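A short worksheet on the structure shown next.
Chain naming here is simple, since letters A, B, ... match the order of the sequence lines and numbering starts at 1 in each. Keep in mind it's a predicted model, so treat the numbers as computed, not measured.
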Number of protein chains: 2
Amino acid sequence: MTEKSTKDKILDAAEAQFARHGFDGVSARDIARSASVDPALVNYHFGNKRAVFDAVMLRRAEVLNNERQQALDFVLRRHHPNPAPLDEIIDAFTHALLNRAQTGGQEWRDYFALLGQINNTPEFGGSIMTQFFDPLVHRFLDALRATLPEADEADLMWCYHFLSGALTLTFAATGRIDSLSNGLCKSTDFDEVHKRLVPFICAGFRSMCGPEVGPIQES
Amino acid sequence: MTEKSTKDKILDAAEAQFARHGFDGVSARDIARSASVDPALVNYHFGNKRAVFDAVMLRRAEVLNNERQQALDFVLRRHHPNPAPLDEIIDAFTHALLNRAQTGGQEWRDYFALLGQINNTPEFGGSIMTQFFDPLVHRFLDALRATLPEADEADLMWCYHFLSGALTLTFAATGRIDSLSNGLCKSTDFDEVHKRLVPFICAGFRSMCGPEVGPIQES
DNA sequence: AATGAAATTCATCACGTGTTGAAAAAGTTT
DNA sequence: AAACTTTTTCAACACGTGATGAATTTCATT
């Protein structure tokens, strides 16, 4: 392992702290202490605390958006000129995320936990999510519209909203389902979630935005 | 309108502030200022800041839990000895919440926004939600098991988890769907959500935990 | 080895934090 | 009216906050 730069040490520490305590629950000194770095370096490298937060959000968002974009393009191309099957679109939307959460280590889990908080927070939920993820989301919505041509636009948007809520609560991994299920289900077992999330969400979409069209029906 | 007690003024102000900025984003002085009250009164009446937070959470949780309990009992009794239909159970779970959010005024909307945050927060999501809502949730899970007798236990729990996520993102009302839909959908139009949430979630449950049994199938 | 830029340390600023205790005021009971 | 309790006010506490500027060290380039 090549040794980390100070900037990366700060980013990593900030990510972990923000994920656990939220933006306002963490001080610049907390971050510096957690990164084993002088407090002034936080401001030297990033300007201010909020800029650290934005940098944390941006870093992995770029990676994820590329992966998800490619997954969607792959699915669309494979079925072209027919619309892609619903479950493949939903899978392309979720797979990169849940796969990283499962196998990416604590750093990725921290990032997703942070995402889960952000999405449900008035100060950030509207702006940050929009800023980092809306362009990609619009592409997925286009794919969904092609597959569900009879879908009412508002229905489609609310279905996406439900998907977003189910997904981000999963990311938050608060441990609630662990206690609620007496340990049967584990918040951090994202593979188990993925197996169930895709069919659950697809069924929801179909019930409201169906019928689904595609190559299967036309053969 | 009878004039508010100091304690209620503090609770109301705290609720609004916590909903907007989270626990750590609000100081005891912020609350006092927003309540037009001397800062020392916050500690005089509640002991410390965290106790204010807990009091805010508890106040409306009791009201809601009673309403939802009654709604569930009513549905179960009406269909006894048959299991209640899935959609009626889900409606009993969500109706009191979304109805209050729609018609209860800003104070209730603040409370739900706070709930939406809490549920996705590691520090509170596990403990506070469990503390205030688990007994009721277990009753709903029992009703679901009766209606979906073939359901795998883990499947059922994850389906509930998806419901919880979709619901609490709705409560958070971050305005994201407003911008994502170019104003077609409004975060605060909880009636529109309710219309769609119940069938969406029911379809999800059925696809994974079905088949549903009940009086209709047996006639 | 000398030079200049980048990175790091340290002390410090003005202000906000949660909380407390003593004094004053308001309200209640005898 | 007197005695008592509850509530409110005000000042203060020790400490943490985000951020800055000057001095120092580290480093790469000549």
Could you state the [atom1]-[atom2] distance from [X] to [N], rounded to the nearest angstrom?
X: Leu41(B); N: dT7(D); atom1: CG; atom2: P; value: 10 Å
X: Asn43(B); N: dT9(D); atom1: CG; atom2: C1'; value: 14 Å
X: His21(B); N: dT17(C); atom1: NE2; atom2: P; value: 12 Å
X: Ile10(A); N: dT8(C); atom1: CD1; atom2: P; value: 8 Å
X: Asp38(B); N: dT20(C); atom1: CG; atom2: P; value: 15 Å
X: Ile31(A); N: dG16(D); atom1: CD1; atom2: P; value: 17 Å
X: Lys4(B); N: dT7(D); atom1: NZ; atom2: C1'; value: 19 Å

Q: Look at the side chain of Thr147(B) and the backbone N and O of Leu144(B), then say whether any donor-acceptor pair between them is shorter than 3.5 Å.
A: no
Q: May I ask you to say what Ala28(B) touches in the nucleic acid, namely base, sugar-phosphate or nothing, with a heavy-atom cut-off under 4.0 Å?
A: sugar-phosphate
Q | Under-4.0 Å salt bridge between Asp191(A) and Lys195(A) | A | no
Q | Base dG16(D) paired with Arg29(A) side chain (donor-acceptor, <3.5 Å) | A | no
When the side chains of residues 32-41 of chain A are checked against the rest of the protein, which donor-acceptor pairs come out under 3.5 Å, sequence neighbours left out?
unit_1: Arg33(A); atom_1: NH1; unit_2: Asp30(A); atom_2: OD1; d: 3.2
unit_1: Asp38(A); atom_1: OD1; unit_2: Ala40(A); atom_2: N; d: 2.9

(Q) dT8(D), OP1 or OP2 - any side-chain N/O from Thr6(B) closer than 4.0 Å? (A) yes
Q.
It should be established whether Ser27(A) places a side-chain nitrogen or oxygen under 4.0 Å from OP1 or OP2 of nucleotide dG16(D).
A. no
Q: Give, for atom CZ of Phe205(A) and atom CG of Asp87(A), the distance between the pair rounded to the nearest 0.5 Å.
A: 12.5 Å
Q. Considering only heavy atoms, which members of residues 44-55 of chain A lie under 4.0 Å from some atom of DNA chain C?
A. Tyr44(A), His45(A)
Q.
Side chains of Gln70(A) and Asn66(A): any donor to acceptor distance under 3.5 Å?
A. no
(Q) Any non-hydrogen side-chain atom of Leu97(B) less than 4.5 Å from a side-chain atom of Leu115(B)? (A) no
Q | Sub-4.5 Å side-chain heavy-atom contact between Arg60(A) and Phe112(A) | A | no
Q) Counting side-chain heavy atoms from C-beta on, which of dC10(D), dT17(D), dC10(C) comes nearest to Asp30(A)? A) dT17(D)
